[in-house]
Every structure is written in structure tokens, then in C-alpha cells.
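One structure is given here, and the rest of the page talks about it.
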Amino acid sequence: MPRDGNPIRVRPGGFRSGALALLTVLGGCKPSAQEQAQHDAMLKEEAARRSEMCRDSFAPGPCPGATPAPLNPDPNAFGLHKWNNRWFKVPREYHSTIGMTFYWPSKNPSAKGPAKPLGTDWPIELYIRSYDIPPELRGYRAIEAAERDQRIIRRETVRPGLDRVEYFPLHPFTGERSSMPVTEYVATERRDPEGQLPIFRCKKNLSNPSQGGGGAGFMWRDGILVEVLIRGGNLCDDWPELFDEVTRVLNLIQKV
């Protein structure tokens with residue numbers, strides 16, 4: 001595992017390609033042209049996958065050709081991260097292996113911990129990376145497509161600046177309509193870095209807030225994706241202000 005905590009994952013095809021090579025040796029026969037073509041395609045996919053993930057990985061690790069980390073002038077104040085072959089300084093109080101973490105609604109950085117009483121201040125995790133970028137349609141464009149395709153079940157205003165939309169999404173890779181609806185909260189008076197309305201897929205559990213939570217994601221800068229993961233709390237109605245704090249925290253990051 002590289003120092004940034006992001007393991008290089010090999011897709012299942014890697015095991016199949018290895019099995020093909022083993023059977024060729026043990027069986028004493030050559031694979032068919034079709035099997036060889038599949039094997040070559042798998043190797044090419046695995047190499048592309050490793051190269052993609054190496055954009056965020058420290059050297060040497062599994063990426064011997066990766067650019068070494070620059071000198072950190074103040075390791076007590078900053079942690080270093082590499083995203084999309086660029087180096088960034090992250091304030092140490094927010095720094096984590098996956099990107100950044102803070103608490104809501106206190107806005108405490110991760111180093112300070114949650115406010116008391118426990119169970120009322122929830123961790124907000126920012127997963128930052130330049131690989132595994134979700135395909136289009138991303139973000140609010142998915143809701144716009146649902147409106148065109150008449151897949152919206154209902155849309156209502158929760159309060160000024162916040163709408164709730166329930167609709168049937170499309171599978172991101174096959175394009176098939178899901179049989180299960182999702183609920184998105186839309187900050188109608190905000191814009192993400194791509195100029196879209198920020199959306200937050202969220203659920204509440206009034207009897208057990210630890211079972212609430214949700215997630216969001218948007219392209220931040222330089223081909224880098226930010227995913228917002230909230231593992232607990234009834235925070236759906238806080239989305240506009242929560243998005244503001246996500247933006248503020250991200251702006252603390254500095255390019256090296």
C-alpha cells in the first residue's frame with residue numbers, strides 16, 4: 001500500500017489472465033486466438049488501471065516512475081497529498097489519508113474531534129482523487145435528464161434555497177432505469193466548481209440519527225473529484241450551509 005493509503009486495486013480480470021498463463025504452462029498447449037486476444041485486452045486494461053491510480057500515488061510504492069514527494073517545509077502544519085500528478089499541502093488539522101475530515105455542525109477540524117455531547121456532531125469525510133471518475137451524467141445534470149425523461153416522482157421546496165427531488169435514476173454504465181427511486185437535496189442558490197447546482201443524496205432516520213447520512217460529489221479542480229461522505233446524522237436540511245463549509249475547507253488546500 002502506498003503512503004497515501006490508496007491501495008493499487010487490480011480488477012478481477014487480472015486473476016483470469018494469470019489463470020490463463022498457468023493453464024498454458026501446465027497443459028502444454030497454446031490458448032486459442034480468442035483466448036489470447038482476451039488475455040491481451042485484460043493485461044492492457046490492468047496496465048491502464050495501474051497508470052490511472054498512480055496519478056495519486058506516492059513513489060516508490062507500486063509506481064516506481066512516480067514523481068517523488070517534494071520537501072514539506074512544515075510537516076507539523078501540513079500534510080502532503082498527490083492528486084492527478086500534482087502535489088498539494090493540506091492543513092494538518094484537517095488532513096486524512098483519504099483527503100480531509102471535519103465535523104458538522106460544529107465545523108471542528110478532525111484533529112479537534114467532535115463537539116459534545118457525542119452523537120450530535122457528525123464527521124464529514126472528503127474523499128479526494130483523480131481516478132474512478134463517475135461517468136456523465138453527473139451531479140445536477142442527472143436530475144435535468146430525469147426531468148426531460150419524465151422520471152421525476154416529486155419535487156418540493158424544503159425552505160428557501162433548498163429543494164428535495166425524488167426520481168428514478170439511470171444506471172451510470174448501462175443507462176437502464178432503476179426500479180428504486182432516490183432522494184436528492186438541491187442547494188438552489190449555490191453553484192459547484194462546474195457551475196452546477198450542488199446535490200446531496202441523503203436520508204433521514206429520526207428515531208436513530210446514526211442511521212442517517214448520505215453523499216455528494218463534484219469535480220473540484222485540475223481533473224480532481226471530491227466525494228462528500230456522511231455516515232450518520234439527519235443533515236439533509238443543512239445541505240446549503242454544509243456545502244459552504246465543504247467549499248471553505250477545500251480552499252485551505254495549497255498547491256506545492
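Quantities reported herein were computed from a predicted structural model and do not represent experimental measurements. Residues: numbered from 1 along the sequence shown.
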Taking all non-hydrogen atoms of both residues into account, name the closest pair between [X] and [Y] and its distance.
X    : Y    : value
N205 : N234 : N-OD1, 2.7 Å
T101 : S96  : OG1-OG, 3.7 Å
V256 : P70  : CG1-CG, 3.7 Å
T120 : P117 : OG1-O, 2.5 Å
G161 : P240 : O-CG, 3.7 Å
I133 : G223 : CD1-O, 4.4 Å

Quick check for you: to the nearest 0.5 Å, what is the distance between [X] atom [atom1] and [Y] atom [atom2]?
X    : Y    : atom1 : atom2 : result
R129 : N84  : CZ    : CG    : 12.5 Å
E52  : Y131 : CD    : OH    : 9.0 Å
E184 : D163 : CD    : CG    : 12.5 Å
L242 : K107 : CG    : NZ    : 10.0 Å
Y103 : N108 : OH    : CG    : 8.5 Å
D192 : T247 : CG    : OG1   : 8.5 Å

Angle class for the [X]/[Y] ring planes (parallel below 30°, perpendicular above 60°, tilted otherwise)?
X    : Y    : value
Y94  : F102 : perpendicular
F218 : F243 : perpendicular
W83  : H81  : parallel

Spell out, yes or no, whether [X] and [Y] are grouped together once hydrophobic residues are joined by side-chain heavy atoms under 4.5 Å, including indirect joins.
X    : Y    : result
V182 : Y185 : no
V249 : V226 : yes
F88  : F78  : no
Y140 : V228 : no
I153 : L170 : no

- Message: Within the supplied structure, the quantity of interest is the number of heavy atoms (other residues, nucleotides, ligands) at a distance under 6.0 Å from E176 CD; does it exceed 12?
- Response: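 Result for CD/E176: open.
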- Item | Exceeds 12 heavy-atom contacts within 6.0 angstrom, atom CD of E136 |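 It does: E136 CD has more than 12 such atoms within range.
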- Task: Determine, stepwise, if the pair R86 / R221 fulfils side chain to side chain contact (heavy atoms under 4.5 Å, CB included).
- Result: CA-CA 11 Å; R86 296 172 173 85; R221 56 180 291 179; over 6 Å; no
- Going through the distances and angles, do D149 and R177 end up as a side chain to side chain contact (heavy atoms under 4.5 Å, CB included)? CA-CA 10 Å; D149 300 341; R177 172 176 168 153; over 6 Å; no
Do side-chain atoms of [X] reach the backbone of [Y] as a donor and acceptor pair under 3.5 angstrom?
X    : Y    : result
R231 : G213 : no
R154 : E166 : no
D121 : P114 : no
Q196 : R141 : yes
K82  : C54  : yes

- Among residues two or more places apart or on two chains, list those pairs meeting salt bridge (Lys or Arg N to Asp or Glu O under 4.0 Å) that have a residue in residues 238-247.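 Matches after skipping sequence neighbours: R159-E241, R190-D244, E245-R248.
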Could you check if a side-chain atom of [X] sits within less than 4.5 angstrom of a side-chain atom of [Y], using non-hydrogen atoms only?
X    : Y    : value
D132 : L225 : no
R164 : T183 : yes
V165 : I199 : no

- Message: Show me the pairs that pass disulfide bond (SG atoms under 2.5 Å apart) and involve residues 125-221, at least two apart or across chains.
- Response: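 Residue pairs passing disulfide bond (SG atoms under 2.5 Å apart), neighbours aside: C202-C236.
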- Message: Using the rule given for side chain to side chain contact (heavy atoms under 4.5 Å, CB included), can you reason through K204 versus D237, listing the C-alpha separation, both sets of side-chain angles and the distance that settles it, and then say yes or no?
- Response: CA-CA 10 Å; K204 298 179 182 179; D237 294 352; 3.0 Å; yes
- Under-4.0 Å salt bridge between K255 and D222: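 Judged by the 4.0 Å cut-off on N to carboxylate O distance, K255 and D222 do form a salt bridge.
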- Query: Using a distance-only test with no angle check, is there a side-chain donor-acceptor pair under 3.5 angstrom linking R55 and N85?
  - Reply: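 The answer is no; no qualifying pair exists.
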- Query: Given W239 and V158, is the side chain to side chain contact (heavy atoms under 4.5 Å, CB included) satisfied, shown in steps?
  - Reply: CA-CA 11 Å; W239 177 231; V158 178; over 6 Å; no
- Task: Begin with the C-alpha distance, continue with both residues' side-chain angles, and end with the deciding distance and a verdict on salt bridge (charged side-chain N to carboxylate O under 4.0 Å, His left out) for D74 and K89.
- Result: CA-CA 10 Å; D74 191 350; K89 295 192 302 182; over 6 Å; no
